[in-house]
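What follows is a single structure, written as structure tokens, with notes after it.
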Amino acid sequence: MYRVAVMVSGTGSNLQALIDNVHRNDKVDAQVVLVVCSKEDAPAIARAREAGIRAEVVTLDAHGGDRARRDGEVVRLLRLVAPDLVVMAGWMSIVTPVLLDAFPDQVINLHPSLLPAFPGLDAIGQALDWGVRLTGVTVHIAEEAVDGGPPILQEPVPVLHGDTRDSLGARIHGVEHRLLSRCVTLYAQGRIHRDPAHPRRMIVDDGGS
Ligand code: GAR
């Protein structure tokens, strides 16, 4: 079985999409085996527990605001389940090399824009403020630079006249749920690799779809 750990901070709708789409996909034997949440009382925790998945809360406050110490605890919990892939699905806290070096090329992040446009907080609001006609979704390798690693999958989402954060956000979330589920499925099928000739680029064998 391909073992997936998911890091979350809030609503957990992308975690739910993975539970709904990947667990039930009979073409791939993959399961979410652990959820780590950066906030007490986040709705994502209840989603995990309802699906029978172990959920652990690891806050920055409990580690005196020291990210490296906090990540040490995250790594300890992750190692207990030996994940093949660690998915940051709405994890809203900067991570350190303590985490990234423990799982090289195994930590991926979801972001609601076509990176490198609009990294950081409130990417949907940033896109609306800028007035772009097209934004989107990126799943990428996590690096120390916020939202900075090589893209794996990207999909554009048009910005429509009169769009608000809510209306654009709803369309972006719909794309995120599909794209992240597809990305995890492709990983579980061994169809995503770094390009040895161009280490910034990822090779995705998605059958041309
Ligand atoms: C998602 O839109 C995700 O792309 C974003 O947080 C949201 C989490 O939603 N992540 C970032 O902005 C990371 N820079 P969810 O909790 O409902 O899955």
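Indexing begins at 1, ligand by ligand and atom by atom, following the structure's order.
Contact annotation for I172 and ligand 1: no heavy atom of the residue comes within less than 4.0 Å of the ligand. Looking at M92 against ligand 1, only its side chain comes within 4.0 Å, counting heavy atoms.
Ligand 1 is approached by G12 to a heavy-atom distance shorter than 4.0 Å.
More than 12 heavy atoms of other residues, nucleotides or ligands sit less than 6.0 Å from atom CZ of R200.
The protein atom (non-hydrogen) at minimum distance from atom 14 (N) of ligand 1 is H111 ND1, 2.9 Å. Considering only non-hydrogen protein atoms, atom 17 (O) of ligand 1 sits nearest to S13 OG, 2.6 Å. Residue, atom and distance of the protein heavy atom nearest to atom 12 (O) of ligand 1 are P112 CD, 3.3 Å. Looking at atom 3 (C) of ligand 1, its nearest protein heavy atom turns out to be E176 OE2, 3.4 Å. For atom 9 (O) of ligand 1, the closest heavy atom belonging to the protein is N14 ND2, 3.8 Å.
Look at E73 and R76 and you find a salt bridge, because one of the NZ, NE, NH1 or NH2 atoms lies within 4.0 Å of a carboxylate O, short of that distance.
Judged by distance alone, with hydrogens and angles left aside, the side-chain atoms of D66 form no donor-acceptor pair with the main-chain N or O of H63 at under 3.5 Å. Checking side-chain atoms of E144 against main-chain N and O of P97 turns up no donor-acceptor pair under 3.5 Å. Using modelled atom types, no side-chain atom of N109 and backbone atom of H140 make a donor-acceptor pair closer than 3.5 Å.
Each of the atoms 6 (O), 8 (C), 10 (N) of ligand 1 lies under 4.0 Å from some heavy atom of G90. Of all the atoms in ligand 1, the ones that sit under 4.0 Å from a non-hydrogen atom of L110 are 4 (O), 10 (N), 11 (C), 13 (C). The distance from ligand 1 to the heavy atoms of D147 drops below 4.0 Å at these ligand atoms: 14 (N).
When each of I124, V157, V137 is paired with R171, the side chain to side chain contact (heavy atoms under 4.5 Å, CB included) condition holds for V157 and for no other.
At least one side-chain heavy atom of V81 sits less than 4.5 Å from a side-chain heavy atom of R3.
For W91, no nitrogen or oxygen atom sits less than 3.5 Å from a nitrogen or oxygen atom of ligand 1, counting backbone and side chain alike.
Here the CG-CG distance, from L160 to L168, works out to 8.0 Å after rounding to the nearest 0.5 Å.
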